[in-house]
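Keep in mind that what you see is a predicted model, and the values were worked out from it rather than measured. Below, chain A is the first sequence line, B the second, and so on; all start at residue 1.
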There are 2 protein chains.
Amino acid sequence: MTVDTSVMRKFNMSYVRRVGALEESFLGSGLPYGTARILYEIGLGAETVQDLRTRLGGLDSGYVSRMLRSLESKGFVATERDPADGRRRLVVLTEDGLKQWDDLERRSEERAHLLLDPLTQRQRDRLNEALATADLLVRAATITIEPVDPRDPMAQEAMGHYFAEIGERFGFTVGDEGFGDDPSLRPPHGTFFVAASDGAPVASGGVREFPSTSSGHRDERTAEIKRMWVDPAWRGAGLGSRLLRHLEAEALRLGHQVVRLDTRDVLTEAIGMYERAGYERIDRYNDNPHATHFFRKQLR
Amino acid sequence: MTVDTSVMRKFNMSYVRRVGALEESFLGSGLPYGTARILYEIGLGAETVQDLRTRLGGLDSGYVSRMLRSLESKGFVATERDPADGRRRLVVLTEDGLKQWDDLERRSEERAHLLLDPLTQRQRDRLNEALATADLLVRAATITIEPVDPRDPMAQEAMGHYFAEIGERFGFTVGDEGFGDDPSLRPPHGTFFVAASDGAPVASGGVREFPSTSSGHRDERTAEIKRMWVDPAWRGAGLGSRLLRHLEAEALRLGHQVVRLDTRDVLTEAIGMYERAGYERIDRYNDNPHATHFFRKQLR
DNA sequence: TCATGTATCTGACTTTAGTCAGGTATTTCC
DNA sequence: GGAAATACCTGACTAAAGTCAGATACATGA
């Protein structure tokens, strides 16, 4: 597979040179770049030191600590012990800090205007459309698909979306006791995957031995795909098929040669996706009242 | 005029975070960022210290000098007095430097692959198209239009394109004696403008008193637009009209109330542009054998 | 409860990045 | 031919960015 990178590289060259941007806009604010980024991220919602560290791409803890001290001495941020976990420190902007944040925001805005103002409205519309498309695709390309314990908050959040969507909502919400634990979806019986973009779940799905209920006989060769969900905003971006490939690979790894799954007629995109991925229609194999379509694929 | 900057800002946020990129790709090469950029630009064709300084956005000369010494001591670049001007120093990559350059190139390529590889071919095509569009528009927005002496190398280069295109090429090329000097296109009789992107001329045009030849009477109220040229790659980007507005403003500043110009039937886009800009057809007013259409606009 | 791990901090350091004030050839312009 | 401008250099400096080795307080799980 040969991939032509020239357009992207040309774009990077010229765009980064012109927009270096977000970056440079932080300068001239009186704060050094790193410190300004810390302040900006706090304003954006970072709540703890750790939060800041991950958002800024894993900076040294001592380094961050020092920058926070500097922001505190300038009166821009205040810190406080986290009552829930005394090791953690909560960080918030003071009133002055908020002013400073607004200033950064204004600079960033000005920077964008510098680029947009010389264009005609038609050109601006074209540019916006192009950037939105590029943004979506670049986000799609950087999505990570990771196995997580179904009890993990990320998994619970994803399943929350899933259940909300199929209308099978239970009487509790995420954050309370969660959607319970399904041992069949974690090792050694199965695996649950969450696809995330910028730390937020955008798709999820699990694979498990089939069936795990006591009603049927256990078939060592067959696995079942469950709770597959793709954020509506992300549909049509090829994310579903990518996740499906992950789940199939996992089924193989767990020793199965066949996968089954059920879905509903209203999910037309999903049905199309399964068909394109080589799934064949089979008869109903369970008594799930929400399911209308049943599929099967021979993996090997 | 309200301009919505949100799409661009959202894009910058997410793209720069993911692709910081060109930048980060320079790291891990064993060279500090600034030094790596110097080496990279030399490989890209920078020939003198001054050339490097302008390409890198006006770095301090001492700073660049020091980085060059460091690259020399590592055996990556060699410098030499410019025989044509003893003050200048020519810089070239050594064999080792070329290897290092290839390494930077490879890192940059890898970085682009990281984003493109997870996408399907269709998605890659969409991304490429979006980035190319964004690139063109962003370049268009950052074009600068400056008055220059017609004898200036930039002006000579632009006029070279102009004459080559209309087939009136003289018997000499730019770099020799140039396209001669037309005093009517420089103060106090007129002005010549060059629009440049990344230091290269992409459009040009001049305005002067009409007529400046001895064959007609001098009309103090009327100016003439001459040698208007837009790089073929840039046509349709609104650059022509932008330049035209500059020329009209300059004509006013020079004390004229009317502008005239001639053009040729084959330049259909240009003719459309003049009409949209409020120019009206008039009778032939000179004996230019290449001109077929004549226009006039009342400025005030 | 005790070992182990986590979240943050302090101090001591190094490297980069960048500025500023001269200085030395060399060229250009009158 | 001499003054002014140009192209590059050196030295002395500052601030920012980042690393590393502990220290401290708190949380967690057997």
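- Distance CG (A:Asp85) to C1' (C:dG5): 12 Å, rounded to an integer number of Å.
- Residue contacts shown for A:Gly62 include a base, since a base heavy atom lies under 4.0 Å away.
- We find that CZ of B:Arg53 is positioned 11 Å from P of C:dT19, with the value rounded to whole Å.
- Counting to the nearest Å, the P atom of D:dC8 and the CG atom of B:Leu52 are 9 Å from each other.
- In the model, B:Ser73 has no side-chain atom that pairs as donor or acceptor with a side-chain atom of B:Arg69 under 3.5 Å.
- Residue B:Met67 contributes atom CE, which lies 13 Å from atom C1' of C:dT19 at whole-angstrom precision.
- Taking the six-membered ring where tryptophan is involved, the planes of B:Trp101 and B:Tyr40 are essentially parallel, since the angle between them stays under 30° and well short of 60°.
- Side-chain atoms of B:Thr48 and B:Arg88 include no donor-acceptor pair closer than 3.5 Å.
- Within the model, atoms CG of A:Leu93 and CD1 of A:Ile42 stand 5.5 Å from one another, a figure rounded to the nearest 0.5 Å.
- Residue A:Tyr33 places its side chain closer to D:dA17 than to any other of D:dT10, D:dA17, C:dG18.
- Distances from the side chain of A:Tyr63 to the nucleotides C:dC9, D:dT10, D:dG18 place D:dG18 closest.
- Applying side chain to side chain contact (heavy atoms under 4.5 Å, CB included) to B:Gln100 and the options B:Leu39, B:Val77, B:Thr94 leaves one that passes, B:Leu39.
- Contact of the B:Val49 side chain with the B:Ser61 side chain is not registered, since no non-hydrogen atoms from C-beta on lie closer than 4.5 Å.
- The shortest distance between the side-chain N/O atoms of B:Arg87 and the OP1/OP2 oxygens of D:dC9 is not below 4.0 Å.
- The interatomic distance linking B:Leu90 (CG) with D:dC8 (C1') rounds to 13 Å, in whole Å.
- A:Asp60 comes within 4.0 angstrom of a nucleotide base, judged by non-hydrogen atoms across all strands.
- When heavy atoms are screened at a 4.0 angstrom cut-off, B:Gly86 is found touching the sugar-phosphate backbone but no base atom.
- Note on A:Arg89: a side-chain N or O is less than 4.0 Å away from OP1 or OP2 of C:dC9.
- In this structure, B:Lys226 and B:Phe192 have side chains that are not in contact, with every pair of non-hydrogen atoms separated by 4.5 Å or more.
- Of all the residues in residues 71-84 of chain A, not one reaches under 4.0 Å from DNA chain C with any non-hydrogen atom.
- Listed candidates were D:dC9, C:dC9, C:dA7. Nearest to the side chain of A:Ser65 is C:dC9.
- Checking the phosphate oxygens (OP1, OP2) of D:dC26, no side-chain nitrogen or oxygen of A:Arg88 falls inside 4.0 Å.
- In the interface, the side chain of B:Arg66 is paired with the base of D:dG11 through a donor and an acceptor atom under 3.5 Å apart.
- The nearest whole Å value for the distance from the CG atom in B:Leu56 to the P atom in C:dG18 is 10 Å.
- When rounded to the nearest whole Å, the span between CG of B:Leu59 and P of C:dT16 equals 16 Å.
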